[in-house]
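For this chain, numbers begin at 1 and follow the sequence in order.
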Amino acid sequence: MCTFCSFKCCFVFFNMLFLASGVALIVIGVQQHSTYKHMGEFAGSSLSKISIVLIAVGITIALVSILGHLGAFFNSSSMVSCFICILIVIIILELLTGGAFYIFRSRTLLLKVKNAIDYDSKARRVINEYSPEKRHTIDKIQEKFKCCGADGPDDWSNSVGWENHDAVPDSCCVLKGPGCGQDKDKVHTKGCIRAIKLFLLKNLLWVGAVCITLGVGEVFGVIVGVCLCLNIRGKNYETMS
């Protein structure tokens with residue numbers, strides 16, 4: 001009985017951590033949604049799906065964790081078995097995903113994925129056009145990533161939509177203030193294409209590390225789950241006898 005309680009406590013503890021990781025992914029996805037949305041509008045709609053994927057994965061983990069909690073609460077070997085099977089699939093997917101992120105971590109490869117859009121060209125076109133419906137997004141991107149233009153501040157000198165070629169938008173300024181864009185010596189020199197690529201590279205490395213860490217940690221959950229499942233079946237068999 002003590003062995004059964006020990007396995008059950010370990011399983012519940014693991015599930016709490018598993019649930020917490022799912023909730024954390026949901027929170028991160030929600031917090032980053034606006035950033036990825038602006039990035040998608042700026043240089044490609046596919047980028048805006050990253051936050052949605054994080055939220056979807058978090059919800060999946062949370063639901064699977066709840067299934068494990070219910071199985072432990074009701075001492076249901078079938079529910080625990082179902083939890084273990086789903087968890088094994090998740091582990092495989094997480095390890096493969098994490099490995100893929102590291103293999104394709106190069107910024108060059110990142111932008112050559114099948115069906116990817118011409119990221120650089122679209123970013124340059126958006127800056128060149130500076131259409132009214134895109135201006136809010138461009139300003140948010142430049143403020144968020146501390147960048148200016150697609151490749152640099154000089155892009156604004158050739159922009160068709162930006163009329164004052166002797167200045168840049170105020171969102172480029174290191175220190176924000178009305179009319180600060182008139183002084184080009186006090187604006188960010190880094191282009192937004194490079195800034196966003198660096199942001200994505202760091203985020204993909206982070207996501208890859210998290211996937212691999214979760215996958216390795218969840219192996220413990222499978223082992224404990226199998227032990228609990230066997231103990232539940234043994235306990236039920238003793239009760240029937």
Side-chain angles (χ1 to χ4, degrees), residues 1-33 35-36 46-105 110 113 199-241:
M1 187 67 179
C2 291
T3 304
F4 173 75
C5 291
S6 298
F7 281 126
K8 190 170 183 177
C9 288
C10 288
F11 183 75
V12 171
F13 177 72
F14 165 79
N15 256 292
M16 291 297 293
L17 295 178
F18 192 46
L19 178 61
S21 66
V23 173
L25 286 177
I26 295 172
V27 172
I28 292 171
V30 171
Q31 289 180 338
Q32 293 293 327
H33 181 67
T35 297
Y36 283 112
S46 59
L47 295 177
S48 61
K49 297 176 182 177
I50 296 177
S51 60
I52 298 175
V53 171
L54 287 175
I55 295 171
V57 172
I59 291 174
T60 301
I61 289 176
L63 292 175
V64 174
S65 175
I66 291 173
L67 174 64
H69 278 296
L70 291 173
F73 180 79
F74 291 109
N75 290 331
S76 171
S77 60
S78 59
M79 293 179 75
V80 175
S81 297
C82 185
F83 167 84
I84 293 169
C85 292
I86 297 174
L87 188 58
I88 290 173
V89 173
I90 291 176
I91 290 172
I92 294 172
L93 291 176
E94 284 176 343
L95 292 176
L96 290 175
T97 301
F101 276 132
Y102 279 107
I103 292 172
F104 296 104
R105 66 184 181 277
L110 174 65
V113 177
F199 172 82
L200 287 173
L201 179 62
K202 291 177 181 178
N203 271 259
L204 289 179
L205 287 174
W206 174 82
V207 171
V210 169
C211 285
I212 292 175
T213 302
L214 282 175
V216 173
E218 286 160 4
V219 172
F220 170 76
V222 171
I223 295 172
V224 175
V226 169
C227 292
L228 177 63
C229 188
L230 292 175
N231 273 266
I232 290 174
R233 289 181 178 177
K235 188 169 177 289
N236 291 340
Y237 178 76
E238 290 176 2
T239 304
M240 290 175 64
S241 301

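Using a 3.5 Å distance cut-off with no hydrogens or angles, the side chains of Asn231 and Lys8 do not pair a donor with an acceptor.
Taking the side chain as every heavy atom from C-beta outward, Leu63 and Leu67 never approach each other to under 4.5 Å. Proximity of Leu54 to Gln32: side-chain heavy atoms (C-beta onward) are nowhere separated by under 4.5 Å. Leu228 is not listed as a side-chain neighbour of Phe83, based on a closest heavy-atom distance of 4.5 Å or more. Taking 4.5 Å as the limit, some side-chain heavy atom of Phe18 sits within range of a side-chain heavy atom of Val64.
Partners of Thr60 under the side chain to side chain donor-acceptor pair (under 3.5 Å) rule, at least two apart in sequence or in another chain, do not exist in this structure. Every side-chain contact (heavy atoms from CB on, under 4.5 Å) that Val224 has, sequence neighbours left out, goes to Cys10, Phe11, Phe220.
The heavy-atom pair separating Val57 from Leu25 by the smallest distance is CG1-CD1, 3.8 Å. Between Ser76 and Ile232, the shortest heavy-atom contact is N-CD1, 4.2 Å. The two residues Glu218 and Leu87 come nearest to each other via the heavy atoms O-CD2, 3.7 Å. Heavy atoms only, all atoms of each residue included: Ile84 and Val226 are closest at CD1-N, 3.4 Å. Here the shortest heavy-atom pairing between Gly71 and Met79 reads CA-CB, 3.7 Å. Closest heavy-atom contact between Val80 and Cys229: CG1-CB, 4.0 Å.
Among the candidates Val89, Ile90, Ile88, the single residue satisfying the side-chain contact (heavy atoms from CB on, under 4.5 Å) test with Ile86 is Ile90.
Not a single donor-acceptor pair under 3.5 Å links the side chain of Ser65 to the backbone N or O of Ile61.
The line from OH of Tyr36 to CD1 of Ile52 is 12.0 Å long, rounded to the nearest 0.5 Å.
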